[in-house]
Amino acid sequence: MMKRTSDFPASQDAAIATMRAARVLPVVTVDSATQGVAVARALQQGGLGTIEIALRTPASLDAIVAIKQEVPGVVVGAGTVRVPADIERARRVGVDFLVTPGTTTALAEALVESCIPATPAAATPTELLELSGRGFRIAKLFPVGALGGLQLVRLLQGPVPDMLLAPSGGIGEVDAAQYLAQPNVACVGGSWMVSRDWIARGRYDLIIEASRRASALAGGG
Ligand code: 3PG
């Protein structure tokens, strides 16, 4: 269980601590609460104890509730938070953290107001500076693979030194370690270890194996 915060700067400390501890953040999309629990167990077994459930399916919030009840020890956040109403939905199910795929002004303001540990996304230096100006100290860099990949992460270190990054989008087993070696990277996000095809076919064995490899390259295996 994550510590709840009552002020925004403290919630950013918590977001940074959560992402740094995770190192690899599985982005999970499920079609039922039962699937969510099974995936969370497989990830945990593979050494990945922090999970982002993407709010991309009708089952996502039920899955978060079920995981919190049935898989103790797992840190569960909501991803694909797109509008302020998503923050409220996520709060009601007791999420540990929030991640967005992009950050409108309204969403940024609502995240600050919520004091839930948040990692809002940016895709450009200007967007990173806007988030920094609002007091965010960690941002998801999305979709990093299409934006310039590792080179973009390296080039941001000079001009945007005080923003920690959580690159996501198009990262895989082959390049995750290179991202994690960058000093401005807190963690990498990705769905490579929780392929929707594996979930649909009940291949939790493959999720466990891929999670073990991901956990090892994150320094946890
Ligand atoms: C995300 O929201 O971060 C992405 O969906 C994860 O990207 P990937 O599916 O390309 O790994």
Side-chain angles (χ1 to χ4, degrees), residues 15-16 18-20 22-31 35-36 39-40 42-43 46 48 50-61 63-64 75-83 86-87 89-90 95-104 107-108 111 116-124 127-128 131 136 138-153 156 163-180 182 184-200 203 206-207 209-211 213-215 217-218:
I16 290 170
T18 300
M19 295 302 166
R20 278 197 195 280
R23 297 295 277 159
V24 174
L25 181 66
V27 178
V28 179
T29 304
V30 288
D31 291 316
Q35 262 184 4
V39 172
L43 289 167
L48 299 178
T50 303
I51 303 175
E52 174 186 327
I53 298 290
L55 302 186
R56 298 178 198 177
T57 57
S60 55
L61 291 168
I64 292 170
V75 177
V76 193
T80 318
V81 169
R82 287 176 285 209
V83 292
D86 289 335
I87 300 174
R89 288 183 196 104
V95 291
D96 294 312
F97 63 90
L98 301 169
V99 181
T100 78
T103 315
T104 63
L107 191 55
L111 289 173
I116 299 173
T119 301
T124 65
E127 291 174 9
L128 287 168
L131 290 174
F136 289 98
I138 182 165
K140 171 171 171 166
L141 188 61
F142 180 77
V144 70
L147 295 172
L150 198 55
Q151 191 186 13
L152 174 63
V153 172
L156 285 170
M163 188 63 104
L164 262 176
L165 301 175
S168 192
I171 298 177
E173 207 165 283
V174 288
D175 54 0
Q178 287 174 291
Y179 282 96
L180 288 169
Q182 303 307 311
N184 56 344
V185 168
C187 74
V188 295
S191 63
W192 78 87
M193 76 303 282
V194 280
S195 124
R196 291 206 76 186
D197 175 58
W198 293 348
I199 297 173
R203 293 301 307 268
L206 295 178
I207 295 176
E209 281 171 29
S211 301
R213 292 193 297 272
S215 169
L217 62 86

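Order of appearance sets the numbers: ligands from 1, and atoms from 1 within every ligand.
Within the 4.5 Å cutoff, side-chain heavy atoms of Met193 are placed close to those of Leu43. Using a 4.5 Å heavy-atom threshold, the side chains of Leu25 and Val188 count as separate.
The shortest contact between atom 8 (P) of ligand 1 and any protein heavy atom is with Ser191 OG, 3.5 Å. The closest protein non-hydrogen atom to atom 4 (C) of ligand 1 is Phe142 CE1, 3.7 Å. Looking from atom 7 (O) of ligand 1 to the surrounding protein, the closest heavy atom is Gly169 CA, 3.4 Å.
In the vicinity of Gly190, heavy-atom distances shorter than 4.0 Å reach the ligand 1 atoms 11 (O). Heavy-atom proximity to Ser168, at under 4.0 Å, picks out these atoms of ligand 1: 1 (C), 3 (O), 6 (C). Short contacts between ligand 1 and Lys140, defined as distances under 4.0 Å to a heavy atom of the residue, involve ligand atoms 1 (C), 2 (O), 3 (O).
Heavy-atom distances between Gly170 and ligand 1 reach below 4.0 Å in at least one pair. At least one heavy atom of Arg56 sits under 4.0 Å from some atom of ligand 1. Distances shorter than 4.0 angstrom do not occur between any heavy atom of Gly79 and any atom of ligand 1.
Under the 3.5 Å distance criterion, the side-chain polar atoms of Ser60 are matched with a main-chain donor or acceptor of Thr57. A donor-acceptor pair is defined here as one N or O able to donate and one able to accept, closer than 3.5 Å; no such pair exists between the side chain of Asp175 and the backbone of Ile171.
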Step-by-step salt bridge (Lys or Arg N to Asp or Glu O under 4.0 Å) determination, Arg196 to Asp31: CA-CA 10 Å; Arg196 291 206 76 186; Asp31 291 316; 2.9 Å; yes
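In this structure, OG on Ser168 lies 7.0 Å from CD on Glu52, to the nearest 0.5 angstrom.
Within a 6.0 Å sphere centred on CZ of Arg20, heavy atoms belonging to other residues, nucleotides or ligands number 12 at most.
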